Amino acid sequence: MAPKQKKKLSRRKKSPKPILAASEDMEPVNMESMGHPEIYPLVLTTKTQEIFNCRIDEDITDEQPYKLINKEDIFEDLRNRAAVSDFHPVKKIVQEYPGNELLLVYDKDFKYGLNFYLIGTEEGKENYLNPPEVSEEQEEYKEYIPEDVYIYKPPVSKPWVSLGSEKEIEEESVTESTKQITYMISRKRSEFGAPIKFSDQNASSVKDAYIECTAYPDKNFTLKQLEKDVGMQVIPQIKDISTQTKWTYPKNATTQYYPREFSEEEKETLKQSKPLVDFLNNASISVEIALQQNEITNTFIDDWKHLAEEEGTFGDKTDTHLKEYQSFTDLHSPTEKMITCVSWHPTIYGLIAVSVAVRLSFEDRVHFSGKLLLQPSLILFWSFSDPIHPQLMLESPDDIFCFKFCPSDPNIIAGGCINGQIVMWDITAHADRIENVKAGGSRSKKATLKPMFLLEPESNKEAMYIRHCAVSSIENGHKKVITDIHWLSDTFEINRMGSVFENRSGICCQLVTCSADCTICFWDIRPQKPLTPQTTEKKKEESIEIPFDVPSTFLHLDLSWKPLTKVRLSKGETSLDHCPTKISLKEDHLLCKTQDKVLAQSKTAKAEEMNPYHNLESRMPNLLKPIDDFCTKFFVGTEEGEVIYTDWKMEKDPETGRLMPKKPVSLHTIHDGIVHTIQRSPFYDDIILTVGGWNVAIWKESVMTGPLLQSCCAPKRYTSGHWSLTRPGVFYIGREDGYIDIWDLLEKTHEPAQSQNICITMITCIKPWIFSPKQQFIAIADYYGTLHILEIPWTLSRPSTNEMTSINHYFEREVKHLEYVEQRKKIREQEKKEMEQEMAKKKVKIYQKSKEQMEAELKMDYESYLELEKTVLINLGLIRVTEKGSYSDVM
Amino acid sequence: MEIGEEAEVEETLKRIQSHKGVIGTMVVNAEGIPIRTTLDNSTTVQYAGLLHHLTMKAKSTVRDIDPQNDLTFLRIRSKKHEIMVAPDKEYLLIVIQNPCE
């Protein structure tokens with residue numbers, strides 16, 4: 001049987017199929033699915049049954065449910081009734097049927113769905129009519145075949161039986177449903193190969209260049225969320241609020257209270273109450289334990305901290321030498337000069353003033369007095385910036401031996417002359433010159449590119465000669481050279497009696513001088529109240545023309561200046577007096593540290609635009625308050641090497657009724673030469689250094705039994721000395737051979753710690769000065785007129801951490817030592833007395849010896865005497881020696 | 001008897017004052033009013049007022065931590081000196097000492 005080919009209707013265009021047309025082409029439905037492909041179910045109507053004589057239950061019975069029908073009959077029926085014919089669905093089968101007669105079977109049970117069915121194949125017909133009876137036989141055959149023998153049966157190809165799989169394949173297979181459209185695009189031949197130019201184009205710019213399907217929210221597709229998963233947390237409600245107080249206006253409010261206190265009676269009653277006594281007894285035990293603990297040891301000491309010295313140092317620690325910084329010499333002076341006194345300017349950095357004097361002895365001075373008159377005596381102001389030209393030169397009538405800047409106003413200088421006069425200068429007018437020294441110096445540095453001989457001094461480099469503005473009275477002042485001058489501190493002033501009063505003017509207005517005529521004078525620079533009309537007359541007489549460039553600050557003093565008081569240092573009954581060379585008052589040590597103080601004061605003075613020194617008012621002795629408990633004692637060093645501690649207050653001699661100076665409190669002759677330095681330590685106001693002759697001594701003011709330290713005699717004479725300004729145990733001593741000895745009390749107390757050579761001649765003055773914590777200079781003046789400025793190294797300027805306390809300890813030890821010595825002296829004296837007494841007693845005892853003993857002793861003495869005589873005579877050669885011996889032995 | 005006690009008080013205070021480095025001694029009552037002192041009045045009053053408060057605070061601190069505990073002695077060490085306070089129910093003994101040189 002040829003497999004049926006199902007022709008799909010896909011060939012046709014898409015169009016609804018007419019049902020009639022489809023039925024024409026429709027394939028007869030066969031019972032393939034039931035395994036009988038030859039069976040075609042049919043519905044035969046009654047009419048058809050009658051035609052073909054296959055009426056149910058008449059022609060077709062159960063016994064013969066089939067009918068053979070001729071093929072031609074079917075054809076005729078088909079022709080007659082065409083579509084109405086029942087055989088219409090199987091028309092094709094009938095046409096193809098090879099035989100003549102078709103078998104029509106009545107399907108009583110509707111086994112195949114319809115009442116009749118037609119068998120389409122001959123074989124099927126045959127099979128129906130003659131059902132095969134072979135099946136039984138086949139089963140029988142199967143039983144008889146032995147299983148041992150396997151008979152190979154090659155597979156027999158069977159016809160493919162459709163089981164419905166082709167339908168599934170049809171369903172699953174993918175075929176194109178649409179007809180493919182083909183386009184043929186052609187171009188003109190002439191355009192082939194022509195260059196093509198591509199360009200960009202925005203699709204939206206050209207109309208209809210693109211078709212888009214824009215998205216739109218379709219309500220059909222919007223999802224409404226019906227459930228949502230949410231988490232929640234509870235937090236406290238927080239609120240931020242700020243306020244601002246309104247301070248309408250500030251108002252001062254004060255309260256005062258006083259503490260509650262017990263009255264005296266209450267205190268007394270309480271004192272006697274029992275609970276207080278018990279409490280004290282109990283509490284004092286623990287308190288005393290605690291106190292003792294503290295006395296034993298300090299538990300809070302940080303040993304590391306105390307072990308270390310201070311933090312990093314500048315410069316080399318091992319360098320202990322003074323480094324030469326600069327030196328100044330006056331090259332213009334014709335005669336040889338020596339420097340007598342040096343003083344640093346208290347405020348201006350790098351300015352130092354030197355007083356020079358001629359290097360002649362007294363006789364030579366007298367001899368050359370004519371020549372000397374022509375040369376001016378000067379105080380030179382040197383600045384670090386210019387070592388050749390002094391900045392200022394102050395003129396004086398005669399050589400100055402000592403001078404001092406006024407602590408309240410550095411423009412006032414007081415100096416003591418060789419002839420006993422005090423000379424005053426006022427350099428306020430030139431103050432800007434020296435203040436701007438540094439600026440001028442920098443300018444000159446640029447100019448020094450030229451060689452020195454081409455260098456012309458600038459106009460402001462010319463040192464100006466400044467005349468003194470006042471000298472003291474010649475008759476009333478000192479008669480001999482003034483050896484020392486000091487400004488009294490501005491905290492007190494004294495009157496004619498020597499009593500101390502408070503100083504209302506706030507400036508230093510009094511001086512004290514000592515001179516070789518054995519007097520110490522106190523001077524006041526303020527104008528004296530005109531007591532008698534005589535003074536006015538005097539002034540009229542002495543109306544000398546003043547040169548225009550001299551300030552009139554001290555005009556009232558000029559040539560009429562009298563000392564306030566004179567204190568004569570007399571040696572008791574004799575007419576010889578002490579010749580003071582230096583004095584040291586209690587307040588002097590402050591002058592070394594007045595830098596800041598003076599600055600402040602000078603600034604305030606400038607602000608007022610009224611220099612108090614230009615408006616000196618006269619003293620008001622009655623209105624001032626006396627200062628009680630003021631120590632009016634001071635130290636004096638003399639020419640003979642004595643150190644005197646005396647009082648300047650005058651007392652009334654009961655006999656004569658005159659004012660007499662008091663007797664000195666103590667007098668010590670320690671030094672073998674002139675005492676040229678008495679200086680208080682900058683750290684202690686009761687420790688004094690005295691240098692003179694060949695040794696050094698340190699004194700404590702309250703201890704008058706002797707010096708705390710007295711050095712042994714040095715090989716060379718000491719000619720000047722000064723404490724160090726920063727280290728309490730260090731002082732500098734200058735020698736006559738140009739060496740400087742640096743003493744460090746913490747290192748050695750019997751000799752200087754180090755010695756350094758500065759110059760070749762005697763050192764006349766030493767003055768250290770502090771410029772900054774890192775820089776300290778020392779000015780050393782020598783006999784040949786050269787001023788050396790040296791820099792003090794770090795080790796000598798920085799005190800060690802406990803230096804103050806160590807020096808304190810040292811001095812206390814020395815004081816105790818002195819006390820001990822005193823006590824020992826007393827004990828010694830006592831012992832001596834006792835010893836003498838004993839000796840006396842012993843002597844008495846000797847005479848009571850027995851006579852025999854005395855005779856024996858006498859004999860022994862005589863024998864020893866004979867021996868002695870013999871040896872002497874032999875030595876003299878007067879007795880010949882009988883022994884064998886050379887002649888030379890005897891001799 | 002009273003005189004003897006008074007002398008005892010004096011003697012105790014003198015003994016404490018004579019210790020090395022002691023700057024001042026004072027006895028203060030429970031309210032901070034000084035009873036006996038070796039310093040001047042203004043200093044005494046200042047010390048008494050301030051130390052009384054501090055001692056109360058220290059005492060309450062100690063008792064807060066452990067109610068069965070009590071303050072027996074208070075020592076305040078400063079750079080310059082050491083202040084020692086011996087408290088009692090009714091009085092305070094304050095001693096100021098400079099422990100090291």
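Quantities reported herein were computed from a predicted structural model and do not represent experimental measurements. By convention in this document, chain letters (A, B, ...) are assigned in the order of the sequence lines, proteins followed by strands, and residues within each chain are numbered from 1.
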(Q) I'd like to check B:Gln97 versus B:Ile23 (side-chain heavy atoms, cut-off strictly below 4.5 Å). Are they in contact? (A) no
Q: For A:Lys825, look at atom NZ and say whether over 12 heavy atoms of other residues, nucleotides or ligands are found less than 6.0 Å away.
A: no
**Q.** Engaged part of A:Gln293 at the chain B interface, taking heavy atoms whose separation is under 4.5 Å
**A.** side chain
Q: Name the region of B:Glu31, side chain, backbone, both or neither, that has any atom closer than 4.5 Å to a heavy atom of chain A.
A: both
Q) What pairs of residues pass the side chain to side chain donor-acceptor pair (under 3.5 Å) test when at least one of them lies in residues 276-292 of chain A, not counting sequence neighbours? A) A:Lys274-A:Asp278, A:Asn281-B:Glu8, A:Glu288-B:Arg15
Q) Who wins among B:Val22, B:Asn29, B:Ile35 for the most heavy-atom pairs under 4.5 Å with chain A? A) B:Ile35
Q. Picking from A:Val277, A:Leu291, A:Thr297, A:Leu280, which has the most non-hydrogen pairs under 4.5 angstrom with chain B?
A. A:Leu291
Q: Give, as side chain, backbone, both or neither, the part of B:Leu13 having an atom under 4.5 angstrom from any heavy atom of chain A.
A: side chain
Q: Find the distance between CD1 (B:Ile94) and CZ (B:Arg36) and round it off to the nearest 0.5 Å.
A: 14.0 Å
**Q.** Lys/Arg-Asp/Glu bridge criterion (N-O < 4.0 Å) met for A:Arg680, A:Asp686
**A.** no
Q. Given the options B:Val85, B:Leu93, B:Thr44, B:Thr25, which has more heavy-atom pairs under 4.5 Å with chain A than any of the others?
A. B:Leu93
Q: Examine whether an atom of B:Val45 lies under 4.5 Å from a heavy atom of chain A, and if so say whether it belongs to the side chain, the backbone or both; otherwise answer neither.
A: side chain
**Q.** side chain to side chain donor-acceptor pair (under 3.5 Å): pairs with one or both residues in residues 82-93 of chain B, sequence neighbours excluded
**A.** A:Asn294-B:Glu82, B:Arg75-B:Glu82, B:Arg77-B:Glu82
